[in-house]
Every structure is written in structure tokens, then in C-alpha cells.
Amino acid sequence: HIQNCLNEIAFLMQKILEDHQKQDYEPMQLASHDLKSVAGAAGMMKMHALANNIEHACMEKQHASLPELLKQLKPTLQTEKADLKVD
């Protein structure tokens, strides 16, 4: 179950980063919403909270705050994986 969640999280993180490069904020908002759901289901509450912040930044058109949030994706995932003791 966790490995499937991690695969989905990796896919969604890539989609969010690609959408940000294209400045395509609506699909980015949807992907961050999905990321929030998958992270929550996996018990990854730090990733859940970060995805929620990204989703709300898109919804509220606070695009200037996105680069700083997106920089936190990979370190947050590493922290969550370490906490769950998965590779």
C-alpha cells in the first residue's frame, strides 16, 4: 500500500512541478489536491499540509509564494519516507 502511495506521490509531485513551469495553475491546483489526499491516506501529514498550502496558493492566486513551497516537496518527501522507514 505504501509503495503504491509513494509512486502516486512521485507522479503528482512531477506533475505539479511541470504545471508550475508552464504557469498552468488550474491543473496544478488539482494535482496538489490529489497529492494532499494520497499523502493523507499514507499517513504523511507533513506532505499533506504542504500540498494543502500549494493548493490554497493556487486557489488564492498567490503564485509568488509557490517557488518556496515547491522547494519543500522533495525534502518533505525524504523526511516522510525516513519517518515511515521506507526507501
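- For S65, the side-chain contact (heavy atoms from CB on, under 4.5 Å) partners are A57, Q62, L69, not counting sequence neighbours.
- The hydrophobic clustering, which links ILVMFWY residues whose side-chain heavy atoms are closer than 4.5 Å, places L73 and M59 apart.
- In this structure the side chain of M13 reaches within 4.5 angstrom of the side chain of K74, judged on heavy atoms.
- Partners of K71 according to the salt bridge (Lys or Arg N to Asp or Glu O under 4.0 Å) rule, which considers only residues two or more places apart in sequence or in another chain, are E68.
- Applying the ring-ring contact (aromatic ring centres under 6.0 Å, His included) test to residues at least two apart or on different chains, the pairs with a partner in residues 58-87 are Y25-H63.
- With sequence neighbours left out, the ring pair (Phe, Tyr, Trp, His ring centres under 6.0 Å) criterion links H33 to no other residue.
- Residue pairs meeting the salt bridge (Lys or Arg N to Asp or Glu O under 4.0 Å) criterion with at least one member in residues 53-66, sequence neighbours excluded, are K36-E55.
- Pairs of residues two or more places apart, or lying in two chains, never qualify as ring-ring contact (aromatic ring centres under 6.0 Å, His included) while including a residue from residues 66-87.
- Residues satisfying the side-chain contact (heavy atoms from CB on, under 4.5 Å) test with Q21, not counting sequence neighbours, are none.
- Counting only residues at least two apart or in different chains, salt bridge (Lys or Arg N to Asp or Glu O under 4.0 Å) contacts with residues 6-16 comprise K15-D19.
- Across all their heavy atoms, H48 and A39 have their closest contact at N-CB, 3.7 Å.
- Judged as a salt bridge (Lys or Arg N to Asp or Glu O under 4.0 Å), the pairs with a partner in residues 44-53 (not counting sequence neighbours) are, in order, K46-D83.
- Grouping Ile, Leu, Val, Met, Phe, Trp and Tyr by side-chain contacts under 4.5 Å, direct or through others, leaves L30 on its own.
- Residues H56 and S32 are not in side-chain contact: their nearest non-hydrogen atoms beyond the backbone lie 4.5 Å or more apart.
- A single hydrophobic cluster is not seen to contain both M47 and M45; linkage of ILVMFWY side chains at heavy-atom distances under 4.5 Å, directly or through other members, places them apart.
- For the atom pair CG (D34) and CD1 (I9), the distance works out to 11.5 Å, reported to the nearest 0.5 Å.
- Listed by chain and residue number, nothing satisfies the side-chain hydrogen bond (donor to acceptor under 3.5 Å, both in side chains) test with Q72 (two or more places apart in sequence, or in another chain).
- A distance of 10.5 Å separates CE of M28 from CD of Q23, quoted to the nearest 0.5 Å.
- Atom CE of M44 is separated from atom CG of L50 by 12.5 Å, given to the nearest 0.5 angstrom.
- Expressed to the nearest 0.5 Å, how far CG of L35 lies from CG of L77 amounts to 9.0 Å.
- Atom CG of N7 and atom CD1 of I2 lie 11.0 Å apart (nearest 0.5 Å).
- Taking every heavy atom of both residues into account, I16 and A31 meet most closely at CG1-CB, 3.7 Å.
- Rounding to the nearest 0.5 angstrom, the gap separating the CG atom in L70 from the CD1 atom in I54 is 5.0 Å.
- Under the 4.5 Å side-chain contact rule for hydrophobic residues, L12 and V86 share a cluster.
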